[in-house]
Amino acid sequence: SSASDYWVSHAKQFAGEMTDKLSLDMDNLVIELGSNDGYLLSQFQKLGVTVLGVEPPENTAEIARQAGVPTISKFFGEKLANDILAEYGHPKLIVVNNVYAHVPDQQDFTRGMAVLADDSTIITIENPSFDILLKRALFDTIYHEHLRTYSLKSLIKLFSYYDFTITDVERGSRYGGNIRVHVTKGKNRPVSENVTALLNLEENSDLYKLETYRKFAERVKKAKKDFMNFLLKIKDDGKTIVANSCPGRSVTLLNYYGVDADLV
C-alpha cells in the first residue's frame with residue numbers, strides 16, 4: 001500500500017485525526033489488524049505514537065519490519081489476542097481497514113477484538129458501503145476476497161453479540177463508497193446522530209426489501225448488455241481496445257461479461 005500516494009495521503013490524514021481525537025502519545029498503543037506494509041502505522045509513529053501491526057503474510061510483514069514498524073506475522077483471532085494482551089496490554093485504538101469484509105472466521109476475529117479492547121479502547125472498521133454497492137450496482141466488488149459487505153444495521157447487530165456499541169459512523173468515497181464505524185466496548189454508550197441518520201437512509205433506500213435485490217440483479221444484467229454492445233461496436237468500427245492493470249474487481253467483471261482476448 002505504500003506504493004499508492006492516495007493511500008499514504010489517506011493514512012496520514014486518518015492518523016492525524018485519530019491522534020488529536022484520542023490525545024494519543026508514546027504511552028498509548030495503536031494496533032492495526034491487517035497492517036499491510038506498515039503504511040498507516042508509520043504515520044502514527046511519526047506522531048510519536050506506539051504501534052503494533054498484525055499482518056499474516058510473512059513477506060509483507062517483513063517489509064513493514066524493515067521500515068521500523070513492529071509487526072506480528074500471524075492470523076488474528078482470540079488466541080493471538082490473548083498473547084498480544086499479555087505482552088502489550090490494552091490498545092487505545094484498534095484499526096481494521098478493508099479487512100473485516102475478508103475474514104473467513106468472523107466470530108473468532110471479533111472475539112479477539114473483544115479480548116484486546118477495554119472500556120477506553122476505540123475500534124475503527126472501514127469497509128465498502130452496502131447501500132452504495134446496491135445503488136451504483138457495483139457488483140464487481142463481490143469476489144472471493146470480499147466474503148461479505150456490511151450494512152450499518154448488520155454491523156450493529158453483529159457487534160451487540162460481543163458487548164460492543166457502534167457509537168459513530170462516517171461515510172467516504174473510497175471503493176466507490178465506504179463506511180467507517182467507531183466501536184466501543186460496553187452497552188448503552190452515547191451514540192452519534194450520524195448512526196441514526198445512516199440507519200434511516202438504509203431504511204429509506206429499501207435496503208431490507210427483497211425487491212431491491214431483484215432490481216439490483218436487473219441493473220447488473222443491463223450493464224453487461226450495454227458494455228458488450230459497446231465493445232462489439234468498437235471492434236466493428238475497426239478500433240482496438242487496450243486494458244491496463246488487473247485488480248481483483250476486473251476478474252469478476254471480465255468473466256461475468258464474457259470479455260476475452262478477441263475483444264480486448
Side-chain angles (χ1 to χ4, degrees), residues 6-7 9-24 28 30-34 40 43-44 47 49 90-101 103 106 109-110 113-114 116-138 141 146 148-213 215-216:
Y6 173 82
W7 277 113
S9 175
H10 172 56
K12 184 177 181 179
Q13 179 183 354
F14 175 77
E17 289 174 355
M18 296 308 294
T19 299
D20 290 343
K21 181 177 181 178
L22 302 178
S23 300
L24 300 176
N28 301 129
V30 173
I31 294 178
E32 184 177 14
L33 307 179
L40 173 60
Q43 298 299 325
F44 281 101
L47 298 171
V49 181
H90 295 288
K92 187 73 172 179
L93 173 65
I94 300 172
V95 182
V96 189
N97 281 350
N98 301 300
V99 171
Y100 201 57
V103 177
Q106 179 192 60
F109 192 95
T110 310
M113 290 193 290
L116 279 181
D118 65 8
D119 290 346
S120 65
T121 302
I122 299 294
I123 303 171
T124 64
I125 300 176
E126 190 170 310
N127 284 305
S129 173
F130 193 41
D131 68 296
I132 296 294
L133 182 152
L134 289 177
K135 183 178 181 180
R136 298 182 58 188
L138 302 177
T141 66
H146 296 161
R148 52 187 76 85
T149 304
Y150 295 97
S151 65
L152 177 59
K153 184 176 182 178
S154 66
L155 285 171
I156 290 172
K157 185 70 171 177
L158 172 61
F159 279 103
S160 71
Y161 297 139
Y162 299 92
D163 194 34
F164 282 120
T165 298
I166 291 182
T167 55
D168 200 1
V169 61
E170 306 167 59
R171 289 170 70 83
S173 60
R174 289 166 296 284
Y175 292 110
N178 70 298
I179 60 172
R180 180 193 294 148
V181 294
H182 295 237
V183 186
T184 309
K185 201 165 190 179
K187 300 290 178 64
N188 302 316
R189 293 277 193 156
V191 176
S192 165
E193 294 179 357
N194 295 334
V195 174
T196 303
L198 185 52
L199 284 174
N200 289 337
L201 185 149
E202 289 183 353
E203 186 73 45
N204 294 334
S205 299
D206 295 332
L207 204 62
Y208 317 127
K209 294 183 178 179
L210 181 58
E211 184 59 28
T212 300
Y213 299 87
K215 291 178 180 177
F216 170 75

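Everything numeric here is computed off the predicted structure, so don't read it as measured data. Values below: all heavy atoms of this structure, side chains included; hydrogens, waters and symmetry mates excluded.
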Residue pair [X] / [Y]: nearest heavy atoms and the distance that separates them:
{"X": "Ala137", "Y": "Phe216", "result": "CA-CE1, 3.6 Å"}
{"X": "Thr167", "Y": "Arg189", "result": "CG2-CB, 3.8 Å"}
{"X": "Phe44", "Y": "Phe14", "result": "CZ-CE2, 4.0 Å"}
{"X": "Lys209", "Y": "Tyr213", "result": "O-CD1, 3.2 Å"}
{"X": "Asn127", "Y": "Val99", "result": "OD1-N, 4.4 Å"}
{"X": "Asn28", "Y": "Leu24", "result": "OD1-CA, 3.3 Å"}

Taking Arg136 first and then Asp131, would you say they form a salt bridge - that is, a charged N and a carboxylate O separated by under 4.0 Å?
no
N-O pairing of Lys153 and Glu202 below 4.0 Å:
no
Please check this pair: side chain of [X] against backbone of [Y], looking for a donor-acceptor N/O pair closer than 3.5 Å.
{"X": "Asp118", "Y": "Thr121", "answer": "yes"}
{"X": "Lys185", "Y": "Ala117", "answer": "yes"}
{"X": "Ser192", "Y": "Asn194", "answer": "yes"}
{"X": "Arg180", "Y": "Asp168", "answer": "no"}
{"X": "Thr19", "Y": "Gly16", "answer": "no"}
{"X": "Ser154", "Y": "Tyr150", "answer": "no"}

Can you confirm if the aromatic rings of Phe159 and Tyr100 lie within a centre distance of less than 6.0 Å?
yes
For the [atom1] atom of [X] and the [atom2] atom of [Y], what is their distance to the nearest 0.5 Å?
{"X": "Lys135", "Y": "Leu207", "atom1": "NZ", "atom2": "CG", "result": "12.0 Å"}
{"X": "Glu193", "Y": "Leu198", "atom1": "CD", "atom2": "CG", "result": "13.5 Å"}
{"X": "Leu199", "Y": "Asn204", "atom1": "CG", "atom2": "CG", "result": "11.0 Å"}
{"X": "Leu138", "Y": "Leu133", "atom1": "CG", "atom2": "CG", "result": "5.5 Å"}

Within-4.5 Å side-chain heavy-atom neighbours: Val30 and Lys92
no
Within-4.5 Å side-chain heavy-atom neighbours: Lys21 and His182:
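Lys21 reaches His182 side chain to side chain.
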